[in-house]
Amino acid sequence: MPELPEVETIVRELKRELVGDIIIDVWTDSSKNLQGNFSEFKKEIKNKKIIAVKRRGKNIFLFLEEDKIIWIHLKMTGHLLIGKYKFNKKEWVPVDNDKLLDPNNRYLHWVFLLRSGRALVLSDRRKMAKIVLLSDTSFAQQKSLKKLGIEPLSSGFTPEVLKTILRRSKSEIKRVLMNQEYIAGIGNIYANEILWKAGINPWIPSNKLQESQIIALHRAIKEVLSQAIAHRGTSAKDDNYRDVYGERGKFSSYLKVYQREGEPCPKCGTLIKRKKQAGRSTFYCPRCQK
DNA sequence: AGGGGTACCTGCGGGC
DNA sequence: TGCCCGCAGGTACCCC
């Protein structure tokens, strides 16, 4: 589900809301999300204070005292919500009635009860989200984390650096953008939007991009991602994404091609096309992105 | 290396 | 209405 802008929005709020709070208990009906044993996990994190929250690519890390790190990847449909919840017969429901309408409350699978009386909740319709308990040492040993590419919004991500990345691969440019080992955090929505903005064909080999295209691509990556963060992420047609308060992301109304098959390209009026690429939908303007 | 496919899971919407 | 199909923001893994 969430890509860099959504995860960044979530993490900023988690940081504000959770740092200093203490996990007093944890409940789940879907221990498959967890790598490892649930009772062990519970024992390790119970009564630990949350001291920091960080993001890396699409990964979320809750740093607890005594060298415990909860690593969460939301995958396609994971959501983190904060609020007051109560156990009603056999399911958790929000105490605040306004939140009953949040579709994610139907799929609550993890509840972290907090000393403050609130809960951090993971909703996950497709149960693919991943939770792993790490220590500083095991954190440093995680292969998939070690392999993560550069943060596209960091100051180190310059046009020169992008050029070096692109020259390394003959793969189609959209695949490279979505490959977390090259650049961390871009998924299908933003890859589509970025390539449209830069006027680049999603199928051209990464190492064939012209200098001017690399400059345009670099600018598009920075602009699209930071604008999406400014609008608190994207809740697309299926209304899936919500922030930790259950609010929609407002970048949806700024999407130019994603889920706009058959609609006119905002630049030239040609109808937007959709084609399968690497098992995903690629939306593009056949005229602007030749 | 790089492209294709499937698996993990579940639900929704469209077509017939 | 009911059923089948394709689709979904991600990623790991297998095959050629």
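Naming convention: chains lettered A, B, ... in sequence-line order (proteins, then strands); numbering from 1 in each chain. Being a predicted model, the structure only gives us computed values, none of them experimental.
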* Over how many whole Å does the gap from A/Glu261 atom CD to C/dA8 atom P extend? -> 10 Å

* After noting the C-alpha distance and the side-chain angles of A/Lys276 and A/Thr282, does the key distance pass the side-chain hydrogen bond (donor to acceptor under 3.5 Å, both in side chains) rule? -> CA-CA 6 Å; A/Lys276 207 78 159 171; A/Thr282 291; over 6 Å; no

* Asked: Does A/Trp196 have A/Lys267 sitting over its ring (NZ/CZ under 6.0 Å from centre, angle to axis within 45°)?
  -> yes

* Stepwise salt bridge (charged side-chain N to carboxylate O under 4.0 Å, His left out) test for A/Glu44 and A/Lys68 -> CA-CA 8 Å; A/Glu44 297 279 334; A/Lys68 312 285 179 203; 2.5 Å; yes

* Indicate whether OP1 or OP2 belonging to B/dA1 is found under 4.0 Å from a side-chain N or O atom of A/Ser169. => no

* Identify whether any heavy atom of A/Lys276 sits under 4.0 Å from a base atom; if not, whether one sits that close to sugar-phosphate; answer base, sugar-phosphate or nothing. => sugar-phosphate

* A/Arg106 has an atom CZ; how far is it from atom P of B/dG11, in whole Å? -> 9 Å

* Hey, does the side-chain of A/Arg280 have a donor or acceptor N/O within less than 3.5 Å of a partner on the base of C/dA8? -> no

* Rounded to the nearest Å, what distance is computed from the NZ atom of residue A/Lys237 to the C1' atom of nucleotide C/dG6? -> 14 Å

* Asked: Are A/Lys75 and A/Asp124 within salt-bridge range, i.e. N to O under 4.0 Å?
  -> no

* Asked: Over how many whole Å does the gap from A/Gln259 atom CD to B/dG14 atom P extend?
  -> 13 Å

* To do: Measure the distance from CD1 on A/Ile60 to P on C/dT11 and round it to the nearest whole Å.
  => 12 Å

* To do: May I ask you to say what A/Tyr190 touches in the nucleic acid, namely base, sugar-phosphate or nothing, with a heavy-atom cut-off under 4.0 Å?
  => nothing

* To do: Please determine, for the side chain of A/Lys75, which listed nucleotide (B/dC12, C/dG10, B/dG2) has the closest atom?
  => C/dG10

* Output yes when at least one side-chain N/O atom of A/Gln180 is less than 4.0 Å from OP1 or OP2 of C/dG10, else no. => no

* Structure fact -> When rounded to whole Å, the NZ to P distance for the pair A/Lys275 and B/dG4 reads 12 Å

* To do: Take atom P in C/dG6 and the same atom in B/dT6, then report the distance between them in whole Å.
  => 11 Å

* Asked: Do the side-chain N or O atoms of A/Arg125 get closer than 4.0 angstrom to the phosphate oxygens (OP1, OP2) of B/dC8?
  -> no

* Could you check which of B/dC9, C/dA8, C/dG10 has an atom nearest any side-chain atom of A/Lys32? => B/dC9

* Group every Ile, Leu, Val, Met, Phe, Trp and Tyr by side-chain heavy-atom contacts under 4.5 Å, then state whether A/Ile214 and A/Ile186 land in the same group. => yes

* Asked: Taking only side-chain nitrogens and oxygens of A/Lys58, does any of them come within less than 4.0 Å of OP1 or OP2 of C/dT11?
  -> yes

* Who is the Watson-Crick or G-U wobble partner of B/dC9, with both distances under 3.5 Å? -> none

* For B/dC12, take OP1 and OP2 only and decide whether either is under 4.0 Å from a side-chain N or O of A/Tyr107. => yes

* Are OP1 or OP2 of B/dC9 and a side-chain N or O of A/Thr77 less than 4.0 angstrom apart? -> no

* Check the distance between C/dT11's C1' and A/Asn59's CG and give it to me in whole angstrom. => 11 Å

* Asked: Do any N or O atoms from the side chain of A/Ser252 and from the backbone of A/Ser235 form a donor-acceptor pair under 3.5 angstrom?
  -> yes

* **cation_pi(A/Lys130, A/Trp71) dist<6.0 Å, angle<=45** => yes

* B/dA1 phosphate, OP1 or OP2: any side-chain N/O from A/Lys170 under 4.0 angstrom? -> no

* Structure fact -> Closest to the side chain of A/Met76, out of B/dC12, C/dG10, C/dC7, is C/dG10

* Listed nucleotide nearest any side-chain atom of A/Arg274, set B/dG2, C/dC7, B/dC8 -> C/dC7

Between the protein and nucleotides 5-7 of chain B, which nitrogen or oxygen pairs are less than 3.5 angstrom apart?
none

* Do NZ/NE/NH1/NH2 and the carboxylate oxygens of A/Lys58 and A/Glu6 come within less than 4.0 Å? -> no

* To do: Report the distance from atom OH of A/Tyr241 to atom C1' of C/dG10, rounded to the nearest whole Å.
  => 16 Å

* Give a yes/no on whether any side-chain N or O of A/Arg126 is located under 4.0 angstrom from OP1 or OP2 of B/dC8. => no

* **Integer angstrom distance from the P of C/dC13 to that of B/dC9** => 15 Å

* Expected output: side-chain A/Ser138 to main-chain A/Ser135 donor-acceptor under 3.5 Å -> yes

* Are OP1 or OP2 of C/dG10 and a side-chain N or O of A/His73 less than 4.0 angstrom apart? -> no

